[in-house]
A.B. asks: 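Provided herewith is a single structure, encoded as structure tokens, for subsequent inquiry.
Just so you know, ligand 1 is whichever comes first in the structure, and atom 1 is the first atom listed for that ligand. What you are looking at is a predicted structure, and each value in this text was computed from that prediction instead of being measured.
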Amino acid sequence: MRAVLDHVGIAVQNIDEALAFYRDALGLEIEAPQEVPSERVRARAVPVGPSALELLEPTGSDSAIAKYLERRGPGVHHITLRVDDIAGVVAHLRARGVRLVNEQPRQGAGGSLVVFVHPSAAHGVLVELKQAARPRSALVPKRFAWGDLALASVHDGLFGLDGGAMFGVVPRPLWEAHAPPDDRNRILLAMRPLVVEAEWGRMIIDCGAGDKMNGKQRDIYALERTRHLDHALADVGLDADAIDLVLATHLHWDHFGGATTRQGAEVVPRFQRARYVIRAAEWDDATHTHERNRASYIPDDFLPLQAASVVELFEDDRSIRPGVRVVRTGGHTGQHQIVFIESTGRTAVFVADLIPTTAHIRDAWIMGYDLFPMETLAFKQRFIREAIEREYLVFFEHDPLVAAGYIRERDGRRYVEQVL
Ligand SMILES: [Zn+2]
Ligand SMILES: [Zn+2]
């Protein structure tokens with residue numbers, strides 16, 4: 001467990017009197033007063049580096065702080081440790097028989113989740129564990145060196161898909177803690193293509209949904225592209241014309257819709273200078289759909305590329321360019337593939353819909369959309385083992401918060417150590 005000291009809570013009879021010491025004598029800055037009606041306290045935070053002292057004054061005689069003052073007088077009431085994964089920490093503590101005041105995390109200030117460890121288990125100290133409220137999404141384009149290559153994580157905005165469909169056989173009470181659904185049961189997802197830069201040129205792996213959807217489709221899929229791929233490319237100093245190659249993991253609209261764009265009545269290639277590299281059998285599947293996959297393949301996303309003679313089809317697993325190789329996973333679609341990016345002994349893997357979000361690192365958490373879920377399971381189990389052992393940097397194309405990280409395992413529990 002990794003924890004940061006968030007604050008030290010100090011019970012005081014009267015905040016204004018306490019300020020005479022903490023503000024005036026010590027000369028520390030004080031934050032604006034805060035009222036926490038549910039705890040019947042008012043608080044003033046005194047920042048000290050990355051942590052704070054929190055002065056707590058009761059506003060009612062039934063508040064825990066009032067009772068504490070009555071019993072023990074003013075003094076240190078609790079310390080608060082901030083953790084990333086409070087559910088994981090609670091499971092870890094319970095497995096070790098640590099006594100907790102509340103076993104289920106409860107809502108703290110500002111949307112945080114908190115659990116208290118009983119003072120008897122913490123040698124006389126009341127320890128509060130807190131998971132800070134997470135932002136809804138984080139789409140921050142970033143470029144960084146990867147051996148002899150450079151990688152740029154970009155995005156094409158956000159969308160939503162049915163939470164049940166995203167987690168297959170996993171019941172909602174389990175997945176909703178990881179991916180809270182909206183009032184139409186959709187969970188928030190990102191579209192995060194990856195740019196690889198090398199001396200042979202610039203490649204983008206997948207390219208988001210693009211701008212061709214009509215109002216009804218945008219509404220169904222909660223498409224939110226106020227900031228989209230053009231903005232993200234500009235953020236890392238690029239534009240569509242800087243791309244030499246577009247590589248598709250598969251041709252679903254949320255991965256390859258951005259390959260083309262409307263120009264008047266026509267649909268044309270979006271990346272004017274680029275060749276489009278596509279697995280031949282995926283092309284066949286996308287152009288010969290059936291009832292089960294038809295909604296995912298939109299002919300306008302790829303047929304105009306063929307008309308413009310910019311498509312390069314290939315048959316088997318292979319190196320696309322030095323340092324970039326594709327491996328067929330099957331499962332999600334018959335020809336779904338992931339991309340290994342290797343340089344100077346380091347391996348990054350763009351896993352596309354094999355592990356669409358960090359929640360999907362659990363073996364059985366497989367999308368209902370997958371055509372061959374048992375194939376997904378077999379490949380994923382093997383791949384995740386390998387990713388943990390060899391420390392692959394894994395890119396999660398649909399995660400709204402985590403663009404990439406290392407999959408780790410401790411005490412049989414898997415988690416992702418976020419890198420960007
Ligand atoms: Zn897909
Ligand atoms: Zn997808």
A.B. asks: What's the verdict on side-chain hydrogen bond (donor to acceptor under 3.5 Å, both in side chains) for H360 and T357, showing C-alpha distance, side-chain angles and the deciding distance?
C.D. replies: CA-CA 5 Å; H360 291 86; T357 75; 2.8 Å; yes

A.B. asks: Looking at H398, pick out the N, O or S atom nearest to the Zn ion (ligand 2) and give its name.
C.D. replies: NE2

A.B. asks: Pairs of donor and acceptor atoms involving the side chains of residues 340-350, under 3.5 Å and at least two apart or interchain, shall be tabulated with distances.
C.D. replies:
unit_1: E342; atom_1: OE1; unit_2: R325; atom_2: NE; d: 3.0
unit_1: E342; atom_1: OE2; unit_2: R325; atom_2: NH2; d: 2.9
unit_1: S343; atom_1: OG; unit_2: D148; atom_2: N; d: 2.7

A.B. asks: Do the side chains of R94 and E103 get close enough for a salt bridge, i.e. N-O under 4.0 angstrom?
C.D. replies: yes

A.B. asks: From the Zn ion (ligand 1), how many protein N/O/S atoms are found at a distance short of 2.8 Å?
C.D. replies: 4

A.B. asks: Name the orientation class of the two ring planes belonging to F159 and W253 (parallel below 30°, tilted from 30 to 60°, perpendicular beyond 60°).
C.D. replies: perpendicular

A.B. asks: Indicate yes or no: does R82 engage E128 in a salt bridge with an N to O separation below 4.0 Å.
C.D. replies: no

A.B. asks: Verify, without hydrogens or angle tests, whether S153 (side chain) and P141 (backbone) share a donor-acceptor contact under 3.5 angstrom.
C.D. replies: no

